[in-house]
Amino acid sequence: DAGVIQSPRHEVTEMGQEVTLRCKPISGHNSLFWYRQTMMRGLELLIYFNNNVPIDDSGMPEDRFSAKMPNASFSTLKIQPSEPRDSAVYFCASTKTGGFTEAFFGQGTRLTVV
Amino acid sequence: DAKTTQPTSMDCAEGRAANLPCNHSTISGNEYVYWYRQIHSQGPQYIIHGLKNNETNEMASLIITEDRKSSTLILPHATLRDTAVYYCIVRSMNTGFQKLVFGTGTRLLVSP
C-alpha cells in the first residue's frame, strides 16, 4: 500500500480564493482525520470521519472550512474564502476503527495564502 | 482524554539512550499511553503504546509506572535520525474511535 496520499504537497493561493485539499486513505481503513499544524498552535485535530460519516467537527475553525468524505477512498478539506491566517501544513491520517490501531499520516499539504 | 505534560526539549548524544518522560497524572483505568514522533516536514509516525505493562518493539521501549501516572519512552541507542518531536498521548479505548489529540511534545535533538 502506498500509504495515505495527500495532494497537492504545496499550494500557494491568493487571499479570497477557494482551496481544496485532497486525501486518499489507506485501503481498508474506515476512520479518517484532518489536522492542521502551525508553529503557534501545534497539531490541531480539525475533524474526523468514521465510515464516511463526520463524527466530530468541533475543531473546524469556522464556517469557511468544510470537509467531505463521499466514499471510503477519498476526502476533501475545503477553505472558502481562504485567508492568510489559514497558512499551515494540513495533514490527513487514517486508521481502522475498534481496539487499538495505529494512525497513519500522509506527508501533508503546505498551504500558503498570500 | 487525560492531559499529558512533557518537557519542551531534550538533548542526547548519538549512541546513548534517550529517555523521554511524560506525566499523565489524571489517567484513568481504561486509557492507553501512545507515543508518536514527527520528524521535520513529515507526518507523525506511531512508535509504541501500552496500558500498564512495559512494552518493547523494534523502535523503542515504553516504561509505565505502577500507578500509571507517568511513563518513559526509551530509545536505546539514539541516532541522528531520531531527532524529532515526540508526542505522548493518552486516549481512552471506550469510544471505539481513535481520536488522537496532540500536545506540544518534546523536541529531541540527537547530536554527534
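Letters A, B, ... mirror the listed sequences (proteins, then strands); counts begin at 1. Small disclaimer: the values here were computed from a predicted structure and weren't measured.
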Working to the nearest 0.5 Å, report the span between CG of A:Leu43 and CD1 of B:Ile89. 8.5 Å
With a 4.5 Å cut-off on side-chain heavy atoms, are B:Gln38 and A:Phe91 touching? yes
Is [X] atom [atom1] crowded by more than 12 heavy atoms from other residues, nucleotides or ligands, each under 6.0 Å away?
{"X": "A:Asp63", "atom1": "CG", "result": "no"}
{"X": "A:Glu62", "atom1": "CD", "result": "yes"}
{"X": "A:Arg64", "atom1": "CZ", "result": "yes"}

Chi angles and distances behind the side-chain contact (heavy atoms from CB on, under 4.5 Å) call for B:Tyr46, A:Phe104: CA-CA 7 Å; B:Tyr46 164 82; A:Phe104 292 84; over 6 Å; no
Just checking, is any N or O donor in the side chain of B:Gln45 or A:Glu102 under 3.5 Å from an acceptor N or O on the other one? no
Is it possible for you to say whether [X] and [Y] belong to one hydrophobic cluster, with membership spreading through side-chain heavy-atom contacts below 4.5 Å?
{"X": "A:Met60", "Y": "A:Leu21", "result": "yes"}
{"X": "A:Val19", "Y": "A:Met15", "result": "yes"}
{"X": "A:Val4", "Y": "A:Ile47", "result": "no"}

Side chain / backbone / both / neither for A:Gln37 at chain B, heavy atoms under 4.5 Å: side chain
At a heavy-atom separation under 4.5 Å, does A:Leu45 approach chain B through its side chain, its backbone, both, or neither?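 The side chain, not the backbone.
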Give the member of A:Gln107, A:Gln6, A:Glu44 that has the highest number of heavy-atom pairs under 4.5 Å with chain B.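 Most pairs with chain B among the choices: A:Gln107.
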Result for ring pair (Phe, Tyr, Trp, His ring centres under 6.0 Å) between A:Tyr35 and one of B:Phe102, B:Tyr36, B:Tyr87 points to B:Phe102
